[in-house]
Amino acid sequence: MNLNETQAVHASAIVDAGAVLGPGTRVWHFSHVCGGARIGADCSLGQNVFVGNDVVIGNGVKIQNNVSVYDAVTLEDEVFCGPSMVFTNVYNPRAGIVRKDQYRRTVVKRGASIGANATIVCGVTVGRFAFVGAGAVVKRSVPDFAMMAGVPAHQIGWISRFGERLALPLSGNGEAACPHTGDVYLLRDGTCILLPASPQP
């Protein structure tokens with residue numbers, strides 16, 4: 001384990017040899033980080049978090065209590081994982097059949113938030129600054145800035161990078177400003193983008 005004085009690993013946590021933790025990263029009670037994990041700076045891993053070997057976690061990521069980040073999952077910078085949310089890596093698991101060669105990769109893009117008790121079924125991409133509501137089950141990839149809810153998850157709106165709902169239609173075209181920052185978002189043919197005139201994330 002590569003450590004420096006700015007990191008904090010609770011005495012009850014296990015960080016296997018070979019794991020890389022960036023400066024300022026904290027690992028709390030009863031968590032386990034496997035030796036192949038690569039975790040960036042200023043992250044927080046709450047109580048009872050598991051991080052697998054084939055996992056990459058960016059900077060400023062917050063993983064709340066009771067979350068397992070299994071092999072083949074990548075979390076980009078500033079991702080939020082709510083309490084007890086779930087990642088999977090095998091689409092059709094069986095206890096008696098080994099399918100480690102069939103893992104489907106999952107990517108959660110920069111700034112996305114996943115609510116408590118949500119499930120991300122393997123093989124999808126959750127877009128930049130998207131918001132997955134509590135308890136949702138995501139089976140398909142999620143666009144940038146999309147708000148998702150339900151079982152299975154469906155899009156209910158658009159959200160700014162600050163986390164404010166945008167006054168945009170679900171599809172088609174439109175333009176709206178974040179109520180908090182004033183950043184302007186453009187919807188064209190169902191794709192939402194932050195206009196270049198706004199400070200880019």
Side-chain angles (χ1 to χ4, degrees), residues 1-90 93 100 103-138 141-142 144 146-148 153 159 161-163 201:
M1 176 176 66
N2 298 334
L3 281 178
N4 64 41
E5 66 278 2
T6 66
Q7 295 166 330
V9 177
H10 190 268
S12 66
I14 299 170
V15 179
D16 291 342
V20 175
L21 277 63
T25 287
R26 296 175 179 271
V27 182
W28 294 102
H29 307 65
F30 313 117
S31 291
H32 181 193
V33 179
C34 292
R38 298 293 180 265
I39 301 175
D42 301 317
C43 295
S44 175
L45 278 62
Q47 180 173 303
N48 195 35
V49 168
F50 172 80
V51 180
N53 278 298
D54 182 17
V55 170
V56 177
I57 296 174
N59 300 320
V61 173
K62 293 185 178 180
I63 303 175
Q64 303 293 83
N65 296 352
N66 306 314
V67 174
S68 292
V69 187
Y70 294 119
D71 286 349
V73 173
T74 296
L75 307 179
E76 294 188 352
D77 294 350
E78 299 174 354
V79 165
F80 176 87
C81 296
S84 300
M85 63 78 46
V86 175
F87 289 104
T88 70
N89 57 13
V90 175
K100 290 186 177 181
Y103 286 170
R104 298 186 184 187
R105 305 205 71 85
T106 298
V107 178
V108 183
K109 296 283 193 174
R110 181 182 178 187
S113 293
I114 303 170
N117 293 301
T119 298
I120 308 298
V121 177
C122 57
V124 304
T125 296
V126 177
R128 295 167 67 245
F129 300 100
F131 193 99
V132 176
V137 177
V138 174
S141 291
V142 174
D144 294 351
M147 291 180 65
M148 308 293 292
I159 193 165
R161 60 179 175 172
F162 188 80

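We count residues from 1, following the sequence as given. Atoms considered below: every heavy atom in the structure, side chains included; atoms not considered: hydrogens, waters and symmetry mates.
Ser141 contributes atom OG, which lies 10.0 Å from atom NZ of Lys109 (distance to the nearest 0.5 angstrom). To the nearest 0.5 Å, the span separating OG1 on Thr106 from OH on Tyr70 amounts to 12.5 Å. Taken from CD1 in Ile120 to CD1 in Ile114, the straight-line distance is 4.0 Å, to the nearest 0.5 Å.
With sequence neighbours left out, Asp54 forms a salt bridge (Lys or Arg N to Asp or Glu O under 4.0 Å) with Arg105. A search for ring pair (Phe, Tyr, Trp, His ring centres under 6.0 Å) contacts involving Phe162 returns His180, not counting sequence neighbours. In this structure, the side chain to side chain donor-acceptor pair (under 3.5 Å) partners of His10, at least two apart in sequence or on a different chain, are Ser12, His29. Partners of Pro83 according to the side-chain contact (heavy atoms from CB on, under 4.5 Å) rule, which considers only residues two or more places apart in sequence or in another chain, are Gln64, Ala116. Among residues two or more places apart in sequence or in another chain, the side-chain contact (heavy atoms from CB on, under 4.5 Å) test is passed with Ala153 by Ala136, Val138, Met148.
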- Message: Set out, in order, the CA-CA distance, both residues' side-chain angles and the distance that settles side chain to side chain contact (heavy atoms under 4.5 Å, CB included) for Ile63 and Leu75, then state yes or no.
- Response: CA-CA 10 Å; Ile63 303 175; Leu75 307 179; 4.0 Å; yes
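Applying the 6.0 Å contact sphere to CZ of Phe80 captures more than 12 heavy atoms from other residues, nucleotides or ligands.
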N/O donor to acceptor pairs below 3.5 angstrom from side-chain atoms of residues 33-49, sequence neighbours left out:
{"from": "Arg38", "atom 1": "NH1", "to": "Gly18", "atom 2": "O", "distance (Å)": "3.1"}
{"from": "Arg38", "atom 1": "NH1", "to": "Gly36", "atom 2": "O", "distance (Å)": "3.2"}
{"from": "Asn48", "atom 1": "ND2", "to": "Asn66", "atom 2": "OD1", "distance (Å)": "3.0"}

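Residue pairs meeting the side chain to side chain donor-acceptor pair (under 3.5 Å) criterion with at least one member in residues 71-89: none, sequence neighbours excluded.
Ring geometry for Phe50 versus His32: interplanar angle over 60°, hence perpendicular rather than tilted (30 to 60°).
In this structure, Ala118 and Gly133 approach most closely via the heavy-atom pair CB-O, 3.8 Å. Across every non-hydrogen atom of Phe87 and Ser68, the tightest pair is CD1-O, 3.7 Å.
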